[in-house]
Amino acid sequence: HNKGIMMTTQERYQEGLALYNRSLEIKKELKDTVGMVSNLINRGALYSETKQLNLSEADLLQALDLAKRKNLMNQAQLTAKQLTYMYSVKGNLNEADRYARLNESIKDSIFSQEKYLVMHEMEMKYEVEKKNLQLANQERAIKDRNILLGILGTMILMAFTLIFVIVRYQQKKRKMEEQKQKSLENELQLRTLHSKVLPHLTKNVLTAIGHFAMEDNRKAGKYISLFS
């Protein structure tokens, strides 16, 4: 097919026609509609250049029919443009004008379709960006929440630790106060006991000294010195 175009460009029309015919048979076997339409357009253009206008008309009309049925808008527009040229050469100005208007109509339709596709692509891109932004915001919110939870967890742990330290300190302090109070009570009991025992002890000692004084003055003096 490409070789056929090259031969036509070089005005080697017979070689180009043979290549187009061979290529068209292959496209038909493969059921390649797009390839068939392109081949028919190029062969129709070759026939126009060689003034074989009836053959050109047949190929171009068949190409236009296939293009319309398969909604191949670009190929349909190219075919209408080629038909306009062919009918102008043929001298059929009415048909030339009709296909010129069809060419413009298809061109406008292609433009509208392309514009729609561009708009649709922009909308899809916007939706994708919007979704990505939402995902990014969600991830940021989750990250911020995790940080906040971490801070709160740390603060709660510190609060419990502080409470534990305070409680332990108060328990220790209360225990020390209880021990101090117990020591004071013991000391008070000892003093009380001492105050009760001391008079009796003093009396017994004095009695013993008096007894020794009656028997032995030296011993009595010695015990008085020890007692004092």
Decide yes or no on side-chain contact (heavy atoms from CB on, under 4.5 Å) for N132 and V128, but give the supporting numbers first. CA-CA 6 Å; N132 290 337; V128 170; 3.5 Å; yes

Could you state the interatomic distance from CD1 (I166) to OG1 (T161), rounded to the nearest 0.5 Å? 11.0 Å

So how far is it from K175 NZ to Q179 CD, rounded to the nearest 0.5 Å? 6.0 Å

Run the numbers on Y20 and L40 for side-chain contact (heavy atoms from CB on, under 4.5 Å), then give the verdict. CA-CA 8 Å; Y20 283 141; L40 287 167; over 6 Å; no

Would you name the heavy atoms of A100 and T84 that are closest together and state the gap between them? N-OG1, 3.0 Å

So which heavy atom on S88 is nearest to which on A96, and how close? OG-CB, 3.5 Å

N103 and side-chain hydrogen bond (donor to acceptor under 3.5 Å, both in side chains): which partner among Q82, Q77, R98, K81? Q77

Would you say E57 and Y47 are linked by a side-chain donor-acceptor pair, where the criterion is simply a distance under 3.5 Å? no

Hydrophobic clusters here meaning ILVMFWY residues chained together by side-chain heavy-atom distances under 4.5 Å, can you tell me if V34 and M36 are in one? yes

Atom CG of N39 and atom CG of L66: how far apart are they, to the nearest 0.5 Å? 11.5 Å

Flag side-chain contact, heavy atom, 4.5 Å: L64 against L60: no

For L93, does its backbone N or O pair with a side-chain atom of D97 as donor and acceptor, under 3.5 Å? no

Checking side chain to side chain contact (heavy atoms under 4.5 Å, CB included) between S48 and each of M86, R43, K90, which is the one that passes? M86

Smallest separation among heavy atoms of L46 and Y13, with atom names: CD1-O, 3.7 Å

Calculate, to the nearest 0.5 Å, the distance between atoms CG and CG belonging to L17 and N42 respectively. 12.0 Å

Return the minimal non-hydrogen interatomic distance between I41 and A63, and the atom names on each side. CG1-CB, 3.8 Å

Looking at R69 and D65, is there a salt bridge between them, counting it only when a charged N and a carboxylate O are closer than 4.0 Å? yes

Taking S109 for the side chain and S105 for the main chain, is one N or O donor matched with an acceptor at less than 3.5 Å? no

same_hphob_cluster(V89, L83) at 4.5 Å side-chain heavy-atom cutoff: yes

Spacing of OG1 belonging to T33 relative to NZ belonging to K31, to within rounding of 0.5 Å: 10.0 Å

State yes or no: do F160 and L152 share one hydrophobic cluster built from I, L, V, M, F, W and Y residues joined by side-chain heavy-atom distances below 4.5 Å, directly or via other members? no

Check the surroundings of atom CD in Q14: do more than 12 heavy atoms from other residues, nucleotides or ligands lie under 6.0 Å from it? no

Evaluate the criterion side-chain contact (heavy atoms from CB on, under 4.5 Å) for residue pair D144 and L148; output intermediate values, then yes/no. CA-CA 6 Å; D144 292 343; L148 180 60; over 6 Å; no

Evaluate the side-chain proximity of L24 to K28: yes if any heavy-atom separation is below 4.5 Å, no if none is. yes

Counting distance only, does the side-chain N/O of S23 pair as donor-acceptor with the main-chain N or O of L19 below 3.5 Å? no

From CD (E104) to CG (D108), nearest 0.5 Å: 6.5 Å

Salt-bridge test for R174 and E177: reply yes if a basic N is under 4.0 Å from a carboxylate O, no otherwise. no

Take R168 and K172 through the side-chain contact (heavy atoms from CB on, under 4.5 Å) test and state the conclusion after the steps. CA-CA 6 Å; R168 287 295 300 274; K172 188 175 181 180; over 6 Å; no

